[in-house]
Amino acid sequence: MDVLYFAWVRERIGVPKERIDHAPATVMDLVNDLRAREDRYAVAFSDLSALRVAVDQELSDFDASLAGAREVAFFPPMTGG
Amino acid sequence: MDVLYFAWVRERIGVPKERIDHAPATVMDLVNDLRAREDRYAVAFSDLSALRVAVDQELSDFDASLAGAREVAFFPPMTGG
Amino acid sequence: MDIRVQEAAFDLGAEANAFVARQSRMGAVVTFTGIVRDLDGTSLNAMEIEHYPGMTRKALEKIAQEARDRWSLGDVLIIHRYGTLHPDEVIMMVATAARHRADAFHAAEFLMDFLKSRAPFWKKEVTEAGADWVAAKDADEDALTRW
Amino acid sequence: MDIRVQEAAFDLGAEANAFVARQSRMGAVVTFTGIVRDLDGTSLNAMEIEHYPGMTRKALEKIAQEARDRWSLGDVLIIHRYGTLHPDEVIMMVATAARHRADAFHAAEFLMDFLKSRAPFWKKEVTEAGADWVAAKDADEDALTRW
């Protein structure tokens with residue numbers, strides 16, 4: 001599964017994209033796995049209310065299942081327009 | 001005082017503009033004077049709810065005073081845009 | 001504000017670009033364009049637009065000033081044509097600039113609602129069946145009550 | 001519908017004219033244009049716009065389709081740039097065409113409200129004091145509740 005980061009999430013974690021070889025059951029499980037890795041992840045994921053998540057390029061929720069998911073992206077609230 | 005007509009009011013009365021030498025007290029007095037003239041006026045002014053009036057180039061009401069007025073215009077509801 | 005009542009055609013795109021270029025610190029620009037269309041497919045040949053020369057400009061300025069009083073705007077542009085127009089010709093446009101998009105949208109809608117029913121223009125449609133004055137719609141008068 | 005996500009600059013006026021020309025029977029066209037501005041006068045040097053390439057187009061198509069489902073529209077145009085932009089450059093535009101002006105206005109406002117908070121773009125402002133991500137406004141999220 002590919003995990004993508006955008007905007008300040010990308011900057012804090014330091015990479016735009018990485019591959020995860022295990023299969024967390026939900027977005028929240030993935031977040032907790034990442035948080036446990038290193039401080040930069042723990043910092044990036046410290047306030048989930050400041051984050052949004054997309055699963056396979058559709059906006060999703062943190063309690064969403066990752067069954068069959070190929071791509072998860074984390075980013076701040078959008079500011080287009 | 002100049003009296004102006006626009007759109008179908010102009011077409012029914014047959015002139016775009018005419019001069020009135022007496023001085024009706026209100027718009028309604030002017031309307032009644034005009035109605036009394038000829039059929040084409042009576043027809044044009046038969047349904048006042050289908051007409052609008054401007055006094056000195058400002059939208060006005062049929063009971064408005066004409067004291068000091070220099071120009072009165074009658075026309076149907078506007079359809080700009 | 002820039003208000004023009006004219007018989008000549010104008011280039012919507014060029015006007016929109018020039019309007020955007022004239023603004024500073026205004027991040028949002030909304031335009032509305034009205035186009036002659038054969039809406040019913042009844043072979044519209046032409047649209048004749050009559051206006052009240054002595055009053056038109058004043059009425060449009062009053063509407064534009066009212067919009068500027070109500071919303072925080074950069075500039076307001078209104079161009080409205082009169083005379084004989086043909087299908088697919090641009091009749092008129094408004095443009096509004098604001099720091100925030102809601103102001104630009106609301107002001108443009110307000111301008112259109114008031115321009116429709118309070119600026120002295122009258123449209124006549126010329127079709128193969130004859131010529132008819134366009135009737136004012138109750139919906140247009142009703143639209144004013146929301147402001 | 002015509003949806004473009006691109007780095008290159010585009011000509012708002014030319015796009016507006018082409019959009020109007022592509023419609024038939026649509027008497028009303030509304031455009032919204034977003035422009036890079038130094039809103040606070042704090043010497044903005046550039047605005048960097050990041051997006052999520054795999055998702056952006058899909059998200060915009062979904063928003064445009066939702067607008068077409070809700071209102072009676074002719075066509076919808078969305079152009080949004082990414083990359084490094086400078087003050088006074090056009091960031092994005094939407095255009096909507098409809099028979100009646102209310103549909104064109106509502107659809108354009110809807111597109112903008114959803115594009116602001118549901119399309120994956122992020123803006124970073126580069127000023128002399130440094131670079132900062134633009135924070136999403138509560139007002140933008142709140143704007144969605146009215147639809």
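A, B, ... follow the sequence lines: proteins, then strands. Residue 1 opens every chain.
A distance of 15.0 Å separates CE in D/Met26 from OG1 in C/Thr33, rounded to the nearest 0.5 Å.
When heavy atoms are compared at a cutoff of 4.5 Å, D/Arg25 approaches chain C by way of both its backbone and its side chain. With a 4.5 angstrom heavy-atom cutoff, C/Ser24 touches chain D only via backbone atoms. For chain C, the nearby parts of D/Gln23 are the backbone and the side chain; heavy atoms of each come within less than 4.5 Å. For chain C, the nearby parts of D/Val20 are the backbone and the side chain; heavy atoms of each come within less than 4.5 Å.
The nearest pair of heavy atoms linking C/Arg101 to D/Asp113 is NH2-OD1, 2.7 Å. Taking all atoms of both residues into account, the shortest heavy-atom contact from C/Phe105 to D/Phe32 is CE1-CD1, 3.6 Å.
Other residues, nucleotides and ligands place no more than 12 heavy atoms under 6.0 Å from the CG atom of D/Asp138. Enclosure of atom NZ in D/Lys124 by more than 12 non-hydrogen atoms of other residues, nucleotides or ligands within 6.0 angstrom is indicated.
Between chain D and the residues C/Val30, C/Ile91, C/Val94, C/Asp88, the largest count of heavy-atom pairs under 4.5 Å involves C/Val30. Interface remark: of the candidates C/Gly27, C/Ala143, C/Pro87, C/Ala108, C/Gly27 forms the most heavy-atom pairs closer than 4.5 Å to chain D.
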